[in-house]
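Just so it is clear, the model here is predicted, and its values are computed rather than measured.
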Amino acid sequence: MIALRDAFAPGSFPGFIGDYFSETGRLSHSRDFEYRAEQQQMAEAVARGLESSDPLVVEAGTGVGKSLAYLIPAAFFALRNKRKAIITTHTINLQEQLAAKDIPLVKKLLGEDDELKAVLLKGRQNYLCPTRLEGAMETSGDLFSTSEVEEMRALWEWASVTEDGTLSDLDFHPSPKVWAQVCSEAHACTAKRCGPTGRCFYQELRKQAADANLLVMNHTLFFTLLGQNAIPGDDADVGAAASEDEEPGFLYPGDFVVFDEAHTLENIAARQLGLRVAQSSVRFDAQRLYNPRTRKGLFAMARSAEGIKAVAGLLDAMEMFFAEVEGRCTFRGPAREYRVHDIGLVEDTISGALLEVEKVAKSASEDARSEAAAAELNEMARRMRSARAGVQAFLDQGLDEHVYWVERTGGGDRGVPSIVLHAAPVDVSEVLERILFREGRECILTSATLGVGDANLNYFRQRVGAMRARALQIGSPFDYESQMKLYIAKEMPMPNDKLYAEALHRWIAYFLEKSDGRAFVLFTSYRQMADAADALGGFLEENNWTLLQQGKGKPRHRLIAEFREDTHSVLFGTDSFWTGVDVPGEALSNVIVTRLPFAVPDHPLTAARLEQIDENGGNPFMEYSVPEAVLKLRQGIGRLIRSSRDEGIAVILDNRVLTKRYGQAFVKALPVRPEIVEGQGLDYSGMGPLDEIDPPARR
């Protein structure tokens with residue numbers, strides 16, 4: 001075991017960590033460790049950033065082993081200085097990898113099993129509150145229908161055997177209404193009320209979090225907690241910097257943060273720092289108070305005739321208000337968003353009804369039969385107040401430098417069709433600079449893809465306000481030249497050409513034959529993907545390749561699992577499959593990019609960002625659209641080589657990388673020099689069956 005007091009002297013932390021990761025250092029004696037110069041370089045840079053309180057932005061290519069490169073310095077730094085490390089990620093997969101694999105390995109490597117304490121923190125609504133469950137069971141006759149009561153009984157039985165009390169441990173999906181009444185929420189599941197019992201899953205987790213050296217969470221939860229302005233462990237819940245008399249921090253006094261998968265930070269911050277009011281959420285909260293169909297709810301429990309009448313008025317006002325909003329919006333084609341430029345899109349016909357329900361709920365809480373019932377009613381009053389403030393802020397456009405839009409969802413929240421009011425800051429860089437990169441705070445940002453061709457990572461740093469952060473770009477230890485071939489189809493019509501679709505399908509077929517299936521085919525639109533699936537379905541079937549298609553009823557994780565198991569399958573996917581998917585081995589031997597992944601400029605937030613650049617005298621296409629597409633292309637191509645043993649081909653079926661001046665930005669960012677594939681003057685309009693395609697000549 002390492003004695004931390006003797007591990008390193010002040011000022012020598014980077015050197016200590018560099019030696020620790022060296023070919024002959026302490027880690028080299030472990031069979032779980034494989035020396036990588038790139039990992040050593042990153043670990044030393046992380047240690048330097050932590051010791052000097054200088055923020056660091058580091059791009060670490062696939063295979064560097066960046067998790068250990070930041071976890072081990074973070075663990076040493078936290079333990080030695082009695083500080084808390086906050087590790088945040090974007091995907092659930094990486095969170096689970098850190099908690100189940102990487103952190104236990106760090107404990108083993110450091111020999112600090114008794115001292116290094118780590119906790120995986122999820123949003124509190126993922127946890128069952130036994131106290132709320134007991135209260136809901138006692139009043140189930142007033143709150144729930146017969147089928148919902150059966151769910152409650154199933155939850156009651158599960159509560160006695162579950163180890164962590166989270167939704168992910170349940171073997172069935174409870175209805176949103178039932179779970180909302182029994183999960184941990186700040187108004188009812190408090191340290192004072194639930195903490196002393198020792199039975200509350202969330203309160204016990206908070207105790208563990210308070211003592212932990214490492215906390216793992218996702219970016220969304222981090223910004224949620226940060227905005228709630230309360231230190232974890234308080235009844236007000238989590239999040240916020242320390243007071244002026246305390247050591248600076250983010251969520252706890254003196255903590256520090258590492259953002260993995262940092263390439264998603266800008267968009268997540270914009271969403272979390274913005275505004276969202278969903279029709280389905282207002283309806284859901286109103287019906288928690290009273291559901292006219294089932295005649296159940298909190299107002300029924302409180303015997304509040306005034307409340308029941310107020311909810312009926314709100315439900316009518318809500319439907320009329322959101323119908324009026326929808327009627328004033330023009331959703332063109334498949335677009336689900338409509339940007340709102342002017343103040344007062346519609347008349348505010350809902351705030352009065354929201355206020356009335358809020359007042360009645362508040363009044364009913366004062367006459368409630370129990371403290372728990374009063375807390376529930378007070379919380380619903382708060383939600384009505386929050387919705388009212390959101391509606392008014394949206395209609396008045398009262399948030400400076402924000403873009404406003406209306407979204408029409410097909411499924412909406414909780415599976416209910418919904419109209420959603422949105423507002424988001426156009427530029428989050430100033431806010432993030434103030435929050436994350438203030439002097440005296442340690443902040444590390446890392447990802448495999450941050451750069452767009454510049455070693456200083458200027459594009460990413462500007463977008464997230466990290467210009468005072470040190471930039472470091474570390475390449476992959478993989479031998480891409482020997483592990484992969486990258487092809488670009490030269491004989492490819494432009495996307496607006498009438499022959500484009502047929503040419504695309506034939507090129508896909510040709511390259512699938514080269515890899516015997518075993519491919520991701522990445523699209524930029526659902527329509528293009530569906531058309532390709534229809535055109536190529538028979539061809540895939542003839543070759544005994546299973547077609548796995550996004551949007552056909554199976555969730556993303558199930559599609560990936562089936563793809564791994566069936567080594568001759570072909571997966572057609574859109575946006576979510578370009579990043580965050582890890583399929584090492586022969587199952588994925590080919591990645592086909594059908595089109596350069598330019599962001600659709602008609603999304604309100606994207607359009608507003610482009611306009612802002614234009615208004616500032618810049619070139620929106622070159623300064624935003626191209627860099628974003630380069631990053632996305634790098635992520636897509638990066639799905640192919642995930643280990644030192646992987647081999648395969650990657651294909652770009654968009655010759656704009658060859659014919660357009662901006663194409664060099666894409667070529668420069670590719671991991672290997674591409675080979676140009678010609679079609680020997682093929683006339684796509686006159687081709688026969690797919691299996692008769694002439695092999696393109698390779699140059």
Side-chain angles (χ1 to χ4, degrees), residues 123 125 148 167 173-181 183 185 220 224 267-268 270-294 297 311-340 344-354 357-358 379-380 382-395 397 399 402-424 526 551 553 555 575-576 600 602-605:
Q125 290 185 337
E148 290 167 341
L167 269 173
H173 295 288
S175 68
K177 177 184 175 182
V178 169
W179 185 254
Q181 203 62 46
C183 68
E185 290 185 342
T220 298
T224 299
N267 287 331
I268 291 176
R271 185 169 66 244
Q272 292 304 116
L273 298 172
L275 173 153
R276 184 179 187 275
V277 180
Q279 175 185 10
S280 56
S281 295
V282 175
R283 181 191 299 116
F284 180 80
D285 288 337
Q287 290 180 345
R288 279 182 67 181
L289 285 164
Y290 184 74
N291 188 324
R293 183 179 60 82
T294 63
V311 167
L314 173 58
L315 291 172
D316 288 341
M318 179 206 66
E319 298 298 341
M320 292 176 62
F321 172 77
F322 283 103
E324 180 70 14
V325 169
E326 184 175 14
R328 293 293 300 274
C329 301
T330 303
F331 300 97
R332 301 185 186 280
R336 301 188 307 166
E337 298 89 10
Y338 174 79
R339 186 173 176 183
V340 178
L345 175 68
V346 297
E347 184 181 350
D348 186 355
T349 57
I350 190 175
S351 286
L354 287 165
V357 173
E358 175 191 339
E379 169 62 12
M380 299 315 297
R382 185 199 65 79
R383 294 189 182 203
M384 296 298 118
R385 183 166 60 254
S386 176
R388 181 163 55 89
V391 167
Q392 292 172 351
F394 178 87
L395 294 177
Q397 298 200 3
L399 301 171
H402 279 56
V403 58
Y404 295 79
W405 74 94
V406 176
E407 179 187 11
R408 180 175 60 185
T409 68
D413 293 349
R414 307 175 178 92
V416 181
S418 181
I419 294 295
V420 188
L421 312 180
H422 289 277
Y526 278 96
D575 186 71
S576 64
V600 180
D602 59 1
H603 188 284
L605 185 53

**Q** Of the non-hydrogen atoms in Cys183 and Gln125, which two are nearest, and what is the gap between them?
**A**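 It is CB-O, 3.6 Å.
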**Q** Could you tell me if the side chain of Val406 sits less than 4.5 Å from the side chain of Glu326, heavy atoms only?
**A**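 Of all side-chain heavy-atom pairs linking Val406 with Glu326, none is under 4.5 Å.
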**Q** Any side-chain to backbone donor/acceptor pair from Arg328 onto Leu345? Under 3.5 Å, distance only.
**A**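 Judged by distance alone, yes, a pair lies under 3.5 Å.
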**Q** Take Arg271 and Leu605 through the test side chain to side chain contact (heavy atoms under 4.5 Å, CB included) and record every step on the way to the result.
**A** CA-CA 10 Å; Arg271 185 169 66 244; Leu605 185 53; over 6 Å; no
**Q** Pick from Val325, Asp348, Ile350: which one makes a side chain to side chain contact (heavy atoms under 4.5 Å, CB included) with Leu395?
**A**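 Considering Val325, Asp348, Ile350, a side chain to side chain contact (heavy atoms under 4.5 Å, CB included) with Leu395 is found only for Asp348.
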**Q** How about Glu358 and Arg383: do any of their side-chain heavy atoms sit closer than 4.5 Å?
**A**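 No; the side chains remain at least 4.5 Å from each other.
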**Q** Locate the shortest heavy-atom distance separating Leu421 from Phe322; write the atom from each residue and the value.
**A**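 In this case the closest contact between Leu421 and Phe322 is CG-CE2, 4.2 Å.
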**Q** Counting C-beta onward and ignoring hydrogens, is there a side-chain heavy-atom pair between Trp179 and Leu167 closer than 4.5 Å?
**A**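 Yes, at least one pair of side-chain atoms sits under 4.5 Å.
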**Q** Which heavy-atom pair separates Ser351 from Gln392 by the least distance, and what is that distance?
**A**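 Where Ser351 meets Gln392 most closely, the heavy atoms are OG-NE2, 3.5 Å.
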**Q** Of all the heavy-atom pairs spanning Val311 and Ala286, show the shortest one and how long it is.
**A**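 For Val311 and Ala286, the tightest heavy-atom pair comes out as CG1-O, 3.7 Å.
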**Q** With a 4.5 Å heavy-atom cut-off, do Leu354 and Val282 have their side chains touching?
**A**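 The answer is yes; the side chains approach within 4.5 Å.
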**Q** Looking only at heavy atoms, what is the nearest atom pair of Glu185 and Ala180, with distance?
**A**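 Closest pair (atom of Glu185, atom of Ala180, distance): OE2-O, 3.8 Å.
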**Q** Side chains of Met318 and Gln279, heavy atoms from C-beta outward: is any pair under 4.5 Å?
**A**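 SC-SC contact between Met318 and Gln279 confirmed.
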**Q** Below 4.5 Å, heavy atoms only, C-beta onward: do Phe331 and Arg336 meet side chain to side chain?
**A**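 Side chain of Phe331 against side chain of Arg336, heavy atoms only: no contact under 4.5 Å found.
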**Q** Under the 3.5 angstrom rule, does the side chain of Ser418 hit a backbone N or O of Thr409 as a donor-acceptor pair?
**A**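 No; zero donor-acceptor contacts below 3.5 Å.
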**Q** Taking the side chain as every heavy atom from C-beta outward, state whether Met380 and Val357 have any pair of such atoms under 4.5 Å apart.
**A**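 SC-SC contact between Met380 and Val357 ruled out.
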**Q** Quick one, Lys177 and Thr294 - any side-chain contact, counting heavy atoms below 4.5 Å?
**A**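 Heavy-atom side-chain distance check passes, below 4.5 Å.
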**Q** Within the side chain of Tyr404, is there an N or O that forms a donor-acceptor pair under 3.5 Å with the backbone of Leu399?
**A**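 Side chain of Tyr404 to backbone of Leu399: a pair is present.
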**Q** Quick check: closest heavy atoms across Thr349 and Ala317, and the distance to 0.1 Å?
**A**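 Smallest heavy-atom distance, with atoms named: O-CB, 3.7 Å.
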**Q** Quick test of your reading of the model: are Glu379 and Arg288 salt-bridged, counting only N-O distances below 4.0 Å?
**A**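 Between Arg288 and Glu379 there is no salt bridge, as every charged N stays at least 4.0 Å from the carboxylate O atoms.
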**Q** How are the rings of His422 and Trp405 set relative to one another: parallel (under 30°), tilted (30 to 60°) or perpendicular (over 60°)?
**A**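 Correct class here is parallel.
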**Q** How long is the gap from CG on Leu315 to OH on Tyr290, to the nearest 0.5 Å?
**A**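 If I round to the nearest 0.5 Å, the distance is 11.0 Å.
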**Q** Calculate, to the nearest 0.5 Å, the distance between atoms OH and CG belonging to Tyr526 and Asp575 respectively.
**A**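 Rounded to the nearest 0.5 Å, the OH-CG separation comes to 7.5 Å.
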**Q** Can you tell me how far the CD atom of Glu347 sits from the CD atom of Glu324, to the nearest 0.5 Å?
**A**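 If I round to the nearest 0.5 Å, the distance is 8.5 Å.
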**Q** State the CZ-CG distance between Arg283 and Asn291, to the nearest 0.5 angstrom.
**A**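 So the CZ of Arg283 and the CG of Asn291 are separated by 11.0 Å.
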**Q** At what distance, to the nearest 0.5 angstrom, does CZ of Arg339 lie from OG1 of Thr330?
**A**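 Reported value, rounded in 0.5 Å steps: 15.0 Å.
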**Q** Let me confirm one number: the CG-CZ distance from Leu289 to Phe284, rounded to the nearest 0.5 Å.
**A**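 Spacing of CG (Leu289) from CZ (Phe284) equals 11.0 Å.
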